[in-house]
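Single-structure report; data block below.
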Amino acid sequence: MNRLTRAWIWPLVIGLAATLSWSSPAGADTSRADLGTALDTLLADPLLKGGAAGVVVADADSGAVLYQHHPDDRLMPASNTKLFTSAAAMGLLGPDYTYRTDVLTDGSRQGRVLRGDLYLRGTGDPTMLAADYERLAAQLAESGITRVTGRLIADDTRFDTQRAGRSWAADDESSYYAAQISPLTLAPDTDYDAGSIIVETAPGAAPGEKPKVTLTPKTDYLRIDNRATTAATGSGSTLSVERQHGSNTITVSGALPAGSSPAKEWVSVWEPTGYATSVFADALARHGVHVTGATRLGRATPPDARSLASHESMPLKKLLIPFMKLSNNIHAEVLAKTIGYETAGRGTWSAGLDAVSDWLKKRGVDTGSVRQVDGSGLSRMDNIAAGRLTELLLSVRDEPWYADWYASLPVACDPDRFVGGTLRSRMCGTPAARNARGKTGSLTGASALSGYVTDADGRELAYSVVLNNFLAPSVKSLEDAIVVTLAKSGADRATAVRPSAVPNATAERAGAADLECSWVKPRRC
């Protein structure tokens, strides 16, 4: 079927199948059951007692729905929201879309002196590193400029000034996965955790000594309040690293045992525009470019300004890899605002999400029954049903960029972080290993997994599993059991695989089952 046909047929197919239901008596033998019986049995697992579940499985080629359980119930999708944002970004911005960061001026050049202001203009690049700002400074120095008589002005006007997403938890403020959103920002690592900084704490040589605290990248934009101490060798760590509310003071407290390895913590920065500009200003000084005036934030670059140095990001199709494999929230939010700017001239969440909704609707997703308030799914106000996620999974297979988008989905049990991503330690030793692809999602009481898997007959299946309101520490093992059951089953047979029989299925060992494993630093998946 062509894309236009799919746009109206998927909701119809799923709707017609809504009249069907499957059930099995308690204790039934599901070793050779039909698919509906096998999956119903799994959803009756005690892990989900009192919770809510939406599950849809469809034949990816024909679109025929093979199983569904509450397909229209709106649930918190957590990071499965990124499926909508990433696909719409590919469709609306294009796989070759790039971001530019420019150094400009409207002043005049007199020998080595630039008379006028220097502008640092960002357009949203979440992959800018300290090394990239260093190269911008080097380009300016290589042009022969050694002094700027005016100010260094940061232009972050591409987006609005709303830095945090709607209803993001207040106690996540200093967490790097909830960093503030700005079109001018900085990542401290090649996971591209934009808007954050790495705090490394090394124990002193002997108990009682203060630990040594260092920042990556090095900057004076943040202040360290070191209240920590070095404890006896072999004692447990009680180290705490947290940024104080509304400030860039990072408090390090507690104790780190003597002889232990340095501890690293990723912390969000208050006002990422100032952070990036400060790092750039330091780079200018190192390269012998002296800016006489003060630094100012949030001013637009004059339209007649000319470029002195520039940096271009990787294309969107490559950015999708760290974005989707590691479930990077900041990338999702930057893309949402970028979509708003490029489609409506407003770099806001509302403009971007309106465009996402319109794009999804044209591809057969019933957006009238969806509430999406951010790009990443970090908000607990996001409500998306498993049926809507399946509609997306079916419709995008005709898009010219589908291969790049499909490649960005984490692969079960592939040990490479930028292939396996958040699934790299799950479903190992099963028919789903290096077979199933899917986007994970994790918040307290909400978990999801949606993607594609090939069954025992070679059919590609699209699936969506969204689980909410459970009290168990994790239901990842249940999600995995559903996907392994699909991989092990065929058109005329189904073999139910119990959660306890799936290796590497639990997220508890990651240390924080209520968060995406990639958000728990150091890298847990």
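Since the structure is predicted, the reported quantities are computational estimates derived from the model, not experimental observations.
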Apply side-chain hydrogen bond (donor to acceptor under 3.5 Å, both in side chains) to [X] and list each qualifying residue two or more places apart in sequence or on a separate chain.
{"X": "S240", "answer": "none"}
{"X": "E173", "answer": "R243, H245"}
{"X": "K521", "answer": "D191, D193"}
{"X": "W359", "answer": "none"}

Quiz item: With K439, which of S327, S450, S86, S464 fulfils side-chain hydrogen bond (donor to acceptor under 3.5 Å, both in side chains)?
Solution: S327
Enumerate the disulfide (SG to SG under 2.5 Å) contacts for [range], please, sequence neighbours excluded, ordered by first and then second residue.
{"range": "residues 310-379", "result": "none"}
{"range": "residues 379-453", "result": "C413-C428"}
{"range": "residues 332-402", "result": "none"}
{"range": "residues 165-198", "result": "none"}

Quiz item: Taking all atoms of both residues into account, what is the closest heavy-atom pair of Y463 and L449, and its distance?
Solution: CE1-O, 3.5 Å
Quiz prompt | Considering all heavy atoms, the nearest D156-L184 contact | solution = CB-CB, 4.2 Å
List for me each residue that meets ring pair (Phe, Tyr, Trp, His ring centres under 6.0 Å) alongside [X], sequence neighbours excluded, and say none if there are none.
{"X": "Y406", "result": "Y402, Y452"}
{"X": "Y341", "result": "none"}
{"X": "Y177", "result": "W519"}

Backbone N/O of [Y] and side chain of [X]: donor-acceptor pair under 3.5 Å:
{"X": "R424", "Y": "A412", "value": "no"}
{"X": "D455", "Y": "G458", "value": "yes"}
{"X": "D160", "Y": "T348", "value": "no"}

Practice problem: Report the residues that fulfil side chain to side chain contact (heavy atoms under 4.5 Å, CB included) with D171, sequence neighbours left out, ordered by chain and then residue number. | Solution: A169
Report yes or no: do [X] and [Y] form a side-chain donor-acceptor pair below 3.5 Å?
{"X": "T98", "Y": "E312", "result": "yes"}
{"X": "E342", "Y": "Y97", "result": "yes"}
{"X": "N329", "Y": "K82", "result": "yes"}
{"X": "E479", "Y": "S447", "result": "yes"}

Self-check item: Lys/Arg-Asp/Glu bridge criterion (N-O < 4.0 Å) met for K476, D480
Solution: no
Practice problem: Run the salt-bridge test on R100 and D102 with the 4.0 Å N-O cut-off and return the result as yes or no. | Solution: yes
Quiz item: What is the ring orientation for W168 with W349, classed by angle as parallel under 30°, tilted 30 to 60°, or perpendicular over 60°?
Solution: perpendicular
